[in-house]
Asker: 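Below is one structure. I have some questions about it.
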Amino acid sequence: PQDDSRHMRSRGQFGIARARMGLLVCLGFLTTTLITVDVWYLMRSDAKQRQTTPSANHAQPSKPPHESRPPTKARRRGSFVKDALPPPRSKPRASSVTPAAKSTNTSIGEKVSIWRKRDAFFIQRGALTSVIRNKCLDSGGMRWPNKRLKMVGCRDKVSGNQRFVLKDGLLTQPTQGNKRTVCAFASTVQVAGAPLVSMGACKNDNLDYSWRFEPVPSLRKQYGFVRSLGSGGGCLTKPPVGRQTDKNAPVVIQPCSGWCNQTWSFGESVTVPRNEQWKPRGNNGRGAGRILCWILTFPAASDTKASAVNLTWGRKCDHLLFMTTEHVDGLNTVKLDLWGPEGRSMLWTKSKLAWLYIYKHYRDKADWFVKADDDSYLAMDNLHNFLAQHDPDKPAHFGRLFIAGKNRYYSGGSGIVLSRGALKSLGENFNSSDDEKWAGSYHGTGPEDLLTSRSLKPLGIGAQESLDKLHRQLFMPMGIDYEYYAPKRDEKSWFYRYSKTAVAGAKCCSERWVAVHYVKSNEMYGIDQVEAMRCGMATTEWPHLA
């Protein structure tokens with residue numbers, strides 16, 4: 001009996017052991033399966049990202065250029081002249097221009113195609129557009145209250161509701177078929193004390209139906225004031241824009257004041273010679289001296305972003321150079337030889353080669369040297385006013401100060417300015433782009449703006465705040481709208497941790513701002529028109545160009 005009991009106990013223990021072993025095998029199999037699925041998913045995601053990530057520089061909106069950049073949930077907003085394209089639809093029409101996709105799956109080729117459509121759209125013949133926000137006057141098919149007119153996003157093809165013709169003193173909207181032609185007139189209905197502009201049957205003998213177009217100096221589109229001969233002779237006025245304003249506000253007639261929101265264009269182009277003489281305002285037209293501007297760009301942007309710089313603010317530079325890897329007809333390009341393929345990882349190498357090239361060939365041909373991106377816009381009048389306060393022979397550089405840990409540097413998006421003294425110090429201390437005294441890795445990868453300041457610091461050229469007399473920002477690396485609508489100050493926001501002097505709201509930025517980043521090429525034309533016309537700005541419009 002004792003043997004039988006021992007035998008039974010051994011059989012029981014063996015069964016328990018087998019059960020435990022089976023459980024362990026099942027757990028091991030389940031763990032292996034989960035790990036395999038996880039690895040497959042990561043490899044698939046990584047392969048997809050490599051296929052869809054564009055290799056050209058400026059392909060994606062940049063975050064704070066620093067190795068340990070913090071994550072941000074803040075969405076970049078555009079600059080003051082909003083995209084003239086219609087808002088995205090779930091099922092866009094075949095004839096509409098699709099806005100730039102914000103998905104990382106958009107290839108650089110697709111983005112370039114979108115840039116080209118925007119630029120071709122800039123001259124909108126037949127539509128009545130305003131220089132601010134670049135929207136079109138729209139009758140809405142006379143279905144809005146009081147048959148009023150409003151500003152609506154333009155289409156790539158002018159629709160019947162947005163087609164206006166000024167002929168024989170009547171602002172008419174041609175119609176198709178047997179429909180009668182209707183005209184805009186100064187209504188007796190008022191909005192906030194201003195006569196409403198409405199549509200109705202044309203009347204040749206009524207001054208409220210009579211209009212006159214008064215051109216103002218323009219560059220590529222003929223802009224001017226549309227003056228009503230009735231209602232006290234006021235001008236067609238676009239409603240104010242902004243987050244705190246009514247997006248459905250109508251167009252009214254207000255006293256002609258020379259504001260930009262009273263300037264309109266029927267889309268007629270104006271030819272301006274490339275050698276047009278431009279002189280900075282102030283300091284008897286001498287400004288701060290000679291300014292060389294060099295643009296960090298890439299071949300795919302030559303006929304969009306780079307071309308827009310060349311035709312707008314770049315023409316006001318004494319010397320304008322485009323640093324790229326291919327020669328482009330019509331642009332003053334400098335071909336740089338890189339050790340690797342064109343891309344964001346090459347920005348620091350391109351910057352070093354560019355600075356050394358400028359030192360070798362232009363150090364005595366200019367007083368100030370400005371580096372900018374191909375999506376930056378510089379108000380050259382304001383830049384001259386700012387630099388006129390400084391001595392170009394003293395080593396110094398200027399820009400938007402960011403502080404990341406112990407690093408003080410200028411964000412490259414809104415431009416970096418070197419004096420002639422700083423350029424000479426740089427050229428005398430660095431022999432080539434492979435010089436070990438440069439900051440960063442030997443191969444030249446890393447954030448070019450941070451490494452530029454780190455390379456200048458040992459030469460006694462430190463980064464300091466570049467503000468106006470009221471301590472407002474002059475350089476906006478994230479765009480003017482971003483500065484204006486920045487989140488409230490808190491330690492969790494990377495923007496305030498990097499920019500210690502940033503202030504949200506109307507006091508964020510100087511009315512004499514110098515440079516702004518993230519400007520689309522078609523927006524550059526709009527800002528350039530504002531500068532050319534020197535029209536006053538309403539308080540709700542950005543930027544102020546005093």
Side-chain angles (χ1 to χ4, degrees), residues 124-152 154 158 160-175 180-218 221-241 245-246 248-268 529-530 533-538 540-541:
Q124 181 70 287
R125 293 185 180 275
L128 191 55
T129 59
S130 171
V131 67
I132 298 298
R133 305 283 178 179
N134 205 14
K135 290 189 175 183
C136 289
L137 192 67
D138 197 305
S139 66
M142 299 177 62
R143 67 181 183 274
W144 291 321
N146 298 312
K147 299 179 181 179
R148 64 180 62 183
L149 297 177
K150 295 196 300 186
M151 301 302 296
V152 178
C154 305
V158 182
N161 294 338
Q162 294 181 346
R163 185 175 298 278
F164 288 87
V165 175
L166 182 61
K167 184 178 182 180
D168 299 329
L170 296 177
L171 185 58
T172 65
Q173 188 165 76
T175 56
R180 62 180 181 179
T181 300
V182 293
C183 293
F185 67 95
S187 172
T188 56
V189 179
Q190 294 192 348
V191 176
L196 190 71
V197 181
S198 301
M199 299 296 295
C202 300
K203 297 180 180 180
N204 294 318
D205 55 350
N206 191 329
L207 288 180
D208 286 338
Y209 286 76
S210 299
W211 305 86
R212 182 174 66 239
F213 183 70
E214 301 175 353
V216 296
S218 304
K221 287 176 66 174
Q222 183 62 71
Y223 280 93
F225 302 107
V226 180
R227 185 186 294 272
S228 171
L229 301 185
S231 300
C235 287
L236 196 69
T237 305
K238 186 185 74 66
V241 296
T245 58
D246 182 8
N248 293 317
V251 174
V252 297
I253 297 175
Q254 291 184 345
C256 298
S257 58
W259 282 5
C260 291
N261 59 348
Q262 292 182 334
T263 52
W264 304 82
S265 175
F266 289 91
E268 298 299 323
Q529 294 287 357
V530 173
M533 293 183 292
R534 297 183 180 179
C535 51
M537 303 293 289
T540 56
E541 308 284 6

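One is the number of the first residue; the rest follow in order along the sequence.
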Asker: Kindly indicate, with the supporting measurements, whether the criterion side-chain contact (heavy atoms from CB on, under 4.5 Å) is fulfilled by Arg143 and Asn161.
Answerer: CA-CA 11 Å; Arg143 67 181 183 274; Asn161 294 338; 4.2 Å; yes

Asker: Return yes if a side-chain donor-acceptor contact under 3.5 Å exists between Gln222 and Ser265, otherwise no.
Answerer: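 Their side chains do not contain a donor-acceptor pair, so the 3.5 Å distance test is not met.
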
Asker: Minimum heavy-atom separation for Tyr209 and Ala201, please, with both atom names.
Answerer: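 Result for this residue pair: CE2-O, 3.2 Å.
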
Asker: Rounded to the nearest 0.5 Å, what separation is found between the CZ atom of Arg163 and the CG atom of Leu137?
Answerer: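 Those atoms lie 13.5 Å apart.
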
Asker: Hey, what do you get for SG (Cys183) to CG (Leu170), rounding to the nearest 0.5 Å?
Answerer: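 With rounding to 0.5 Å, SG (Cys183) is 4.5 Å from CG (Leu170).
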
Asker: For the atom pair CZ (Arg148) and CE (Met199), what is the distance rounded to the nearest 0.5 Å?
Answerer: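 The CZ atom of Arg148 sits 14.5 Å away from the CE atom of Met199.
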
Asker: Would you check if Phe185 and Lys203 make a side-chain contact, meaning some heavy-atom pair closer than 4.5 Å?
Answerer: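 Phe185 does not reach Lys203 side chain to side chain.
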
Asker: Just by modelled atom types, is the Gly233 backbone N or O under 3.5 Å from a matching donor or acceptor in the Arg227 side chain?
Answerer: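 Looks like yes, one N/O pair under 3.5 Å.
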
Asker: Apply side-chain contact (heavy atoms from CB on, under 4.5 Å) to the pair Thr172 and Lys167, showing each step before the final yes or no.
Answerer: CA-CA 8 Å; Thr172 65; Lys167 184 178 182 180; 5.5 Å; no

Asker: About how many Å separate CD of Gln173 and OG of Ser139, when rounded to the nearest 0.5 Å?
Answerer: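 Those atoms lie 3.5 Å apart.
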
Asker: Please check this pair: side chain of Trp264 against backbone of Leu236, looking for a donor-acceptor N/O pair closer than 3.5 Å.
Answerer: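 Yes; at least one donor-acceptor contact below 3.5 Å.
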
Asker: Which atom names give the shortest non-hydrogen contact between Phe164 and Asp138, and what distance separates them?
Answerer: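 Taking Phe164 first and Asp138 second, the nearest heavy atoms are CE1-N, 4.4 Å.
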
Asker: Do Ser198 side-chain atoms and Asn146 backbone N/O form a donor-acceptor pair below 3.5 Å?
Answerer: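 Looks like yes, one N/O pair under 3.5 Å.
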
Asker: Between Phe213 and Phe266, what is the ring plane arrangement, given parallel below 30°, perpendicular above 60°, and tilted in between?
Answerer: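 Judged by the thresholds at 30° and 60°, the geometry between Phe213 and Phe266 is perpendicular.
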
